[in-house]
There are 2 protein chains.
Amino acid sequence: MSFNEAFKAIADPTRRQILTLLRKGDLTAGEIASHFEMQKPSVSHHLKILKQADLVQDRRVGQHIYYSLNTTVFQDLMSWFYDFFDKGGKGS
Amino acid sequence: MSFNEAFKAIADPTRRQILTLLRKGDLTAGEIASHFEMQKPSVSHHLKILKQADLVQDRRVGQHIYYSLNTTVFQDLMSWFYDFFDKGGKGS
DNA sequence: TCAATATTTAGAAAATCATCTAAATATAAA
DNA sequence: TTTATATTTAGATGATTTTCTAAATATTGA
């Protein structure tokens with residue numbers, strides 16, 4: 001169930017860019033929003049979708065909310081791709 | 001441009017299932033459609049999106065049109081994921 | 001407590017998407 | 001050439017998605 005959510009989450013270019021930004025280190029919602037033309041509530045919406053897909057985690061530090069990557073789901077998605085090069089298939 | 005198209009293409013569960021079916025070997029549009037509840041034109045639509053994303057190829061053999069995987073784009077998508085584990089790498 | 005800052009939630013509008021039925025196209029077989 | 005089969009295209013409809021503005025919530029510091 002979260003597998004499909006994750007695939008949908010990474011289908012959006014803005015959300016992929018957010019994930020890419022977070023590779024360099026954790027960022028607050030405001031710092032993330034500052035990289036985009038769109039309004040903050042729109043970015044907040046994208047962050048919510050990434051969070052629901054378990055691709056990011058958030059933690060509050062005072063007024064700020066920091067976002068960080070959660071790479072465990074990336075592993076799951078990657079193994080789906082792997083199977084296309086493993087000719088023997090899942091069951092062999 | 002095709003990179004984003006490919007990510008959008010795999011975001012749909014029906015299309016991922018089509019790709020999974022094609023791992024075992026090439027199939028005609030009709031054979032693919034027979035695996036789903038939805039009508040043939042709907043499956044044809046999904047095949048078109050997979051084709052536009054370069055994830056599959058098609059060739060006509062008489063009345064039938066055979067679909068097959070094109071794994072080169074899978075490689076591109078996979079390397080996007082790889083970069084999340086390679087801290088020094090490049091993003092999108 | 002009050003004002004400022006950071007962020008999210010609510011609700012709406014426009015765009016995109018998945019699916020359907022009906023019709024069109026392409027090939028094969030009679 | 002006519003009929004049957006395989007598949008796609010066209011157009012419509014309902015659902016989902018992206019984005020916006022306005023309002024709400026949470027926290028800090030005066």
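Nothing here was measured: the structure is a model prediction, and the numbers come from that model. A note on names: the letters A, B, ... follow the listed sequences, proteins ahead of strands, and every chain is numbered from 1.
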| request: Let me know the distance between CD1 of Ile18(A) and C1' of dT19(D), rounded to the nearest Å. | output: 13 Å
| message | Has Thr20(A) got a side-chain atom pairing as donor or acceptor with Arg16(A)'s backbone, closer than 3.5 angstrom? | response | yes
| query | What are the residues of residues 57-66 of chain B, sorted by number, that bring a heavy atom to within less than 4.0 Å of DNA chain D? | reply | Gln63(B), His64(B), Ile65(B)
| message | Just to be sure I understand the rule, does Lys51(A) reach a base, reach only the sugar-phosphate, or reach nothing, if contact means heavy atoms closer than 4.0 Å? | response | nothing
| In whole angstroms, how far is the C1' atom of dT16(D) from the CG atom of Asp12(A)? | 13 Å
| Would you call Ile10(B) and Arg15(B) a side-chain contact if the rule is heavy atoms closer than 4.5 Å? | no
| message | Return whichever of His45(B) or Ser42(A) has its heavy-atom-nearest nucleotide of DNA chain D closer to the 5' end. | response | His45(B)
| message | Under 4.0 Å from a heavy atom of chain A: give me the 5'-most and 3'-most nucleotides of DNA chain C that qualify. | response | dT5(C) to dT9(C)
| query | Can a salt bridge be assigned to the pair Lys8(B) and Asp12(A) using a cut-off of 4.0 Å between side-chain N and carboxylate O? | reply | no
| remark: Residue pairs meeting ring-ring contact (aromatic ring centres under 6.0 Å, His included), one or both in residues 7-57 of chain A, sequence neighbours left out, come to Phe3(A)-Phe7(A), Phe7(A)-Trp80(A)
| note | note: His46(A), atom NE2; dT18(D), atom C1'; distance rounded to Å ~ 6 Å
| field | Thr28(B) side-chain N/O to Glu31(B) backbone N/O, donor-acceptor pair under 3.5 Å | value | yes
| message | Using whole Å, what does the distance between atom C1' of nucleotide dA12(D) and atom CD of Gln39(B) come to? | response | 16 Å
| field | Closest non-hydrogen atom pair between Leu22(B) and Leu27(B), with its separation | value | CD2-N, 3.8 Å
| query | In whole Å, what is the span from the CZ atom of Arg16(A) to the P atom of dT18(D)? | reply | 11 Å
| query | How is Tyr67(A) classified with respect to the nucleic acid when contacts are heavy atoms under 4.0 Å: base, sugar-phosphate, or nothing? | reply | sugar-phosphate
| remark: Heavy atoms of Asn4(B) and Ala11(A) approach each other most closely as OD1-O, 3.7 Å
| task | Taking the side chain as every heavy atom from C-beta outward, state whether Asp54(B) and Thr72(B) have any atom pair closer than 4.5 Å. | result | no
| said: On the six-membered ring of Phe84(B), is Arg23(A) placed so that its NZ or CZ lies under 6.0 angstrom from the centre and within 45° of the ring axis? | reply: yes
